[in-house]
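Data first, discussion second: the structure below is written as structure tokens.
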Amino acid sequence: MKILLVLFALFCGVVPSQAEESGLPFDLKYYGSFKKMMHMKKVDGVVDLKTAFDGSHIYGVGAIKNAEGEIAVYDSKAWLSYGKYGMDKVTHEIPEGEQAMLLVTAEVKKWQELVVPKDMSEPELYEFILEQAKQSGINTETPFPFLIEGQLKDLTWHVINGTNSGSGGGHNQAHGEHSFIKKLMGLKERSPATLIGFYSANIQGVFTHPGESWHTHVIIKDEKKAGHVEKFGVLKNSTLKLPVR
């Protein structure tokens, strides 16, 4: 019966909490599927945001239904970036009935802080995160969340802005996204910012892009901006945060 329930959850793109069974120091849930979004153009809502964010110390990343914008949540505070408003506006108020077409969340009550010892490129930082996660006792065979707080460099991010009706053939090689989803692009040479990210090596194409293990969003608090990260580097003495009991 348990196996049947898990298979049903995977088919529906909704996976319930596994925290108690796995012994993990966080409660991780995900909804929707990148593969279905790409190949079947499934951009309809799969979970109500107020329901998904109902809890204390919720962190998450995702996309608003119908490809209307980006979702980040930091310590249960929503950062919603609607493409129709451009790149320079976020709202913390969740509209009644608002839904995500894709979302991953974790409830993390306590973080351990680690210093980034040198300037790092994105691949170097991701390798550093994995090393520190293993040393901290996190099972890297299962998905886990992380935070980066500090100075970013060479930051590229986007906010999605609806769909191109009738378009289906184009393909973005960088992230495997079909061109029917429109994007607004942002660039920053240097900026203080917060990254909210999730790692998953064994479940790809669900809440990470197909063939990729990381899904990361940025919050630039001083400028009230947020979106999906495409490329970045991090400067020395930034802080890596990993979940801990």
(request) Answer whether the closest heavy-atom distance between the side chains of Tyr74 and Thr194 falls below 4.5 Å. (result) yes
(message) Looking at Glu149 and Lys241, is any side-chain nitrogen of the basic one under 4.0 Å from a carboxylate oxygen of the acidic one?
(response) yes
(request) Decide yes or no for Thr216 and Val61: does some side-chain heavy atom of the first lie under 4.5 Å from some side-chain heavy atom of the second? (result) no
(message) Using a strict threshold of under 4.0 Å (side-chain N to carboxylate O), is an ion pair present between Lys65 and Glu68?
(response) yes
(request) Would you name the heavy atoms of Ser33 and Leu102 that are closest together and state the gap between them? (result) N-CD1, 3.6 Å
(request) Could you check if a side-chain atom of Lys153 sits within less than 4.5 angstrom of a side-chain atom of Leu235, using non-hydrogen atoms only? (result) yes
(message) Assess whether a salt bridge exists between Lys224 and Asp88, defined as any Lys/Arg side-chain N lying under 4.0 Å from an Asp/Glu carboxylate O.
(response) no
(message) Quick check against the 3.5 Å criterion: does Ser191 have a side-chain atom that pairs as donor or acceptor with the backbone of Ala193?
(response) no
(request) Decide, yes or no, whether a salt bridge links Glu98 with Lys50 under the criterion of side-chain N to carboxylate O below 4.0 Å. (result) no
(request) State yes or no: are the ring centers of Phe207 and Trp214 separated by less than 6.0 Å? (result) no
(message) Go through it in stages, so that I can follow the logic: the residues are Lys183 and Glu230, the test is salt bridge (Lys or Arg N to Asp or Glu O under 4.0 Å), and I'd like the CA-CA distance, side-chain angles, deciding distance and then a yes or no.
(response) CA-CA 12 Å; Lys183 295 181 186 178; Glu230 295 201 0; 3.1 Å; yes
(request) Give a yes or no on whether Tyr82 atom OH has more than 12 heavy-atom contacts from other residues, nucleotides or ligands under 6.0 Å away. (result) yes
(message) Taking the side chain as everything from C-beta on, heavy atoms only, tell me whether Glu70 gets closer than 4.5 Å to His158.
(response) yes
(request) Would you check if the side chain of Ser238 reaches a backbone N or O of Val234 as a donor-acceptor pair within less than 3.5 Å? (result) no
(request) Run the numbers on Phe146 and Leu240 for side-chain contact (heavy atoms from CB on, under 4.5 Å), then give the verdict. (result) CA-CA 7 Å; Phe146 66 91; Leu240 164 64; 4.3 Å; yes
(message) Looking only at the aromatic ring of each residue, does the gap between the centers of Tyr59 and Trp111 stay below 6.0 angstrom?
(response) yes
